[in-house]
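Sequence positions, counted from 1, serve as the residue numbers for this chain. Quick note: numbers below take in every heavy atom, side chains included, and nothing from hydrogens, waters or symmetry partners. Counting starts at 1 for both ligands and their atoms, following the listed order. Computed from a prediction, not measured in an experiment: that's the story for all the values here.
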Amino acid sequence: MALTDPRARRRDHRQDDHRSDRHTTADDDVSKRLLESAATLSFDPSTEIDWDAPLPEGHYGLNPEWSTLYGTRLWDEMTERQRVTLTRHEVCSIMNTGIWFEMILQQMVLRDQYLKNPASAEFQFALTEIADECRHSIMFARACEKMGVPAYRPNKLIAQAGRVFKALAKGELAFGGILVAEEVLDVMQRDWMRGENVLEIVRGTSRIHVVEESRHMKFARQEIRERMRHASPARRRASATGIAVGAYVIVTSMVHPGVYRAAGLDVQRALAEVRANEHRKAMMRTSSRHLMAFLAETGLLTGRSAAVYRRVHML
Ligand SMILES: [Fe+2]
Ligand SMILES: [Fe+2]
């Protein structure tokens, strides 16, 4: 209702114009600390990763327990060769989703900072984050190229929805979408970077990503808290639903169906086994626990959004 009411829209604009008043010195301190951390611990993947090292044949793309088919009958029937191929395609599909989302994110963060005060720590950290994401996307692109896996892209409808989202989303909706993608990837990558028999190129890129993304997640949480401080219940409910729909799209687009064909599997059977995979559902729930707690704390876990999260086993 509030979104369609022109008076409410005018009120919203006024709130946006005065956002600088609501961004306090304490808020800026968070960004200051993140900037200091970025100055002491950031990586250049072009020199940090050994891009010329050969890929050992038997090494997986990601820890088998993170494979979408792990725990199914089909997984037991697969040869070791097929498992290696599948996990390499799965990790590249997730990295491609990462690139797709990082491009959306960079545009949203840049729009959010348009004509804001360049002297503020918030502005400077936001641009530092964009620079991080730019390096990450190149790093993921090179890793996929090295593994010889072609680009997996979201389907046309989802790709167009992403185009609309990146052009229009703002405030807690934009930062909520960012946080969801970063949190889900973070939990997986913490395992990938330690995974035995996981390709060094995946371990190394995950290590870099986990360190730099922990700052991005802190920034996103801070931005969301600030925006929610004065949000009306109607706006909170609308944003909660929007973020949940974003999460649904991200989670369902992460692994492209083409990965099963690449491993020589029957795609329809593989998709059916993935949908019924209890191990997978448990992994999704565990990796979303922290995110769900934050959304609940900020009032962004409503009845409607919880129903969406349950559908993708994040809750
Ligand atoms: Fe990133
Ligand atoms: Fe990030």
Would you call R190 and D186 a salt bridge, using N to O less than 4.0 angstrom? yes
Under 3.5 Å: donor-acceptor pair, side chain of R111, backbone of A169: yes
Q106 backbone acceptor or donor facing E133 side chain under 3.5 Å: no
Between E212 (side chain) and F43 (backbone), is there a donor-acceptor pair under 3.5 Å? yes
Are E182 and R215 within salt-bridge range, i.e. N to O under 4.0 Å? no
Is it true that R135 and E48 have a side-chain N and a carboxylate O under 4.0 angstrom from each other? no
Hey, which protein N/O/S atoms does the Fe ion (ligand 2) have under 2.8 Å? E133 OE2, E182 OE2, E213 OE1, E213 OE2, H216 ND1
